[in-house]
Amino acid sequence: MNSCACNARFSAGRAIEAQRILSRRLSLKWPGGEARRALGLDASYARVEGVDVGVGAAVLIDSSTLETLGCSLHIAPVCVPYIPGLLAFRELQVMAPAASALAPHADVILVDGHGIAHPRGFGIASHVGVVLGKPSVGVAKRRLVGEIAVLGGEKVVVSRGAPVAVVIDRPGGPIYVSPGHMIDLKTAVYVVKPLLKHRLPEPTRLADLLGRIARNGLKRQATLGKEWIEGCVVRASGCARSLALRLEGLGFSVEVW
DNA sequence: GCGACAG
DNA sequence: ATCTTGTCGC
């Protein structure tokens with residue numbers, strides 16, 4: 001049974017068309033300067049009283065010290081299904097609101113999923129980059145398109161005759177790094193490497209952790225109060241200087257600085 | 001028609 | 001992504 005809180009139903013055809021249109025705004029040119037602050041984005045889900053609830057999480061990290069500078073959560077019902085190639089339409093429902101407040105302070109955005117290593121060259125990382133007007137990088141744990149090849153001693157993913165992602169072997173498994181928006185493959189790898197402490201880069205890893213902790217709280221019917229949110233953030237990254245909470249329709253989001 | 005298929 | 005028991009290893 002597919003319980004959905006929306007009125008309109010999702011159209012894969014229109015979504016694909018939207019990707020084709022949005023992809024015309026794609027740029028693979030790095031604006032220049034250093035990537036001092038990186039924002040990591042991730043989404044997790046839970047079934048609450050029959051409805052799919054999405055938890056979007058964002059964590060802003062200082063690239064040189066790996067210190068957490070800020071966090072944000074957005075929780076809301078999600079009715080868009082997951083379809084390979086159309087991931088962004090599901091995750092962006094909660095990811096974009098969670099990212100909005102912190103994105104202006106980030107030099108680059110890291111997203112859980114692919115960038116141009118996608119059937120239409122427009123994965124979720126590219127989508128996020130174009131929508132937020134920021135440089136973005138996709139960091140995925142599994143391959144979606146293309147074949148593995150070795151170029152100059154470097155393991156890459158080749159799709160449509162071009163290298164679209166670099167494969168970095170990590171303890172626990174490989175990660176696929178691909179340009180999202182306003183960045184090239186080489187720079188994307190250059191930006192991600194200093195952030196690697198565990199299998200996934202810190203921004204994305206902590207966003208995943210933060211979102212998972214919040215989701216577990218939802219499942220326990222926890223009180224969605226200030227202390228609860230603060231607990232999530234403290235447990236995920238150890239940071240909680242100040243906190244702002246605002247209600248948005250059925251869902252809500254919080255920001256911690 | 002058959003296999004592949006981010007999270 | 002999420003569900004889900006026991007099990008292997010530090």
Side-chain angles (χ1 to χ4, degrees), chain A residues 1-4 10 12 15-16 18-19 22-23 40-59 73-96 98-99 109-130 136-148 156-160 164-168 170-181 185 188 192 198-201 203-220:
Chain A
M1 207 179 296
N2 178 40
S3 35
C4 177
F10 180 71
I16 288 173
Q19 288 183 327
L22 285 172
S23 68
L41 267 38
D42 187 46
S44 53
Y45 303 86
R47 208 98 99 178
V48 178
E49 295 167 8
V51 304
D52 278 330
V53 174
V55 177
V59 178
L73 282 168
H74 183 82
I75 303 175
V78 172
C79 62
V80 179
Y82 165 66
I83 297 173
L86 300 178
L87 174 65
F89 294 90
R90 174 174 171 80
E91 310 245 296
L92 257 53
Q93 300 293 313
V94 288
M95 214 175 245
I109 299 175
L110 271 57
V111 187
D112 206 319
H114 292 287
I116 64 172
H118 174 275
R120 289 165 290 284
F122 199 73
I124 187 168
S126 299
H127 202 134
V128 165
V130 168
S136 61
V137 175
V139 181
K141 295 180 288 296
R142 299 189 302 179
R143 179 186 55 79
L144 175 61
V145 297
E147 318 77 40
I148 305 299
V156 301
V157 172
V158 175
S159 179
R160 307 154 161 194
V164 293
V166 164
V167 185
I168 301 180
R170 304 287 305 162
I175 60 174
Y176 302 80
V177 177
S178 62
H181 181 48
L185 184 53
V192 167
H198 297 83
R199 182 188 181 187
L200 297 176
T204 289
R205 187 182 72 85
L206 291 176
D208 176 86
L209 184 57
L210 174 60
R212 177 170 290 119
I213 290 172
R215 177 186 64 83
N216 289 338
L218 280 181
K219 286 167 58 182
R220 303 151 126 192

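Sequence lines set the chain letters: A, B, ... in the order given, protein chains first and strands last, and positions in each chain run from 1.
The OH-P distance, from A:Tyr82 to C:dC3, rounds to 17 Å in whole Å. Atoms CG (A:Leu87) and P (B:dC5) sit 15 Å apart, rounded to a whole Å. Straight-line distance from the CZ atom of A:Arg215 to the P atom of C:dA1: 9 Å, rounded to whole Å. Taking atom NE2 on A:His118 and atom P on B:dC5, their separation rounds to 15 Å, with Å as the unit. Atom CD1 of A:Ile83 and atom P of B:dA6 are 13 Å apart (whole Å). Protein atom NE2 of A:His114 is 17 Å distant from nucleotide atom P of B:dA4, rounded to whole Å. Nucleotide B:dG7 holds its P atom 6 Å from the CG atom of A:Asp112, rounded to whole Å. Atom CG in A:Leu200 sits about 15 Å away from atom P in B:dA6, given to the nearest Å.
Between A:Ser44 and A:Gly211, the shortest heavy-atom distance links the atoms OG-O, 3.2 Å. Pairing each heavy atom of A:Ser178 with each of A:Val164, the nearest pair is CB-O, 3.1 Å. Pairing each heavy atom of A:Ala57 with each of A:Ala207, the nearest pair is CB-O, 3.2 Å.
Within 4.0 Å of A:Gly85, counting heavy atoms only, lies at least one base atom of the nucleic acid. Residue contacts for A:Leu86: at a heavy-atom cut-off of 4.0 Å it reaches a base atom on one of the strands shown.
A sub-4.0 Å separation between OP1 or OP2 of B:dA6 and a side-chain N or O of A:Lys141 is absent. For the pair A:Arg143 and B:dA6, the criterion of a side-chain N or O lying under 4.0 Å from OP1 or OP2 is not met. A close approach under 4.0 Å does not occur between any side-chain nitrogen or oxygen of A:Tyr45 and OP1 or OP2 of B:dG7. For the OP1/OP2 pair of C:dA1 and a distance below 4.0 Å, the side-chain nitrogens and oxygens of A:Arg47 include no atom meeting the criterion.
The nucleotide whose nearest atom lies closest to any side-chain atom of A:Ala140 is, among B:dG7, B:dA4, C:dA1, B:dG7.
Classification of the A:Phe89-A:His127 ring pair by plane angle, with boundaries at 30° and 60°, yields perpendicular.
Atom CG in A:Leu110 sits 10.0 Å away from atom CG in A:Leu200 (nearest 0.5 Å).
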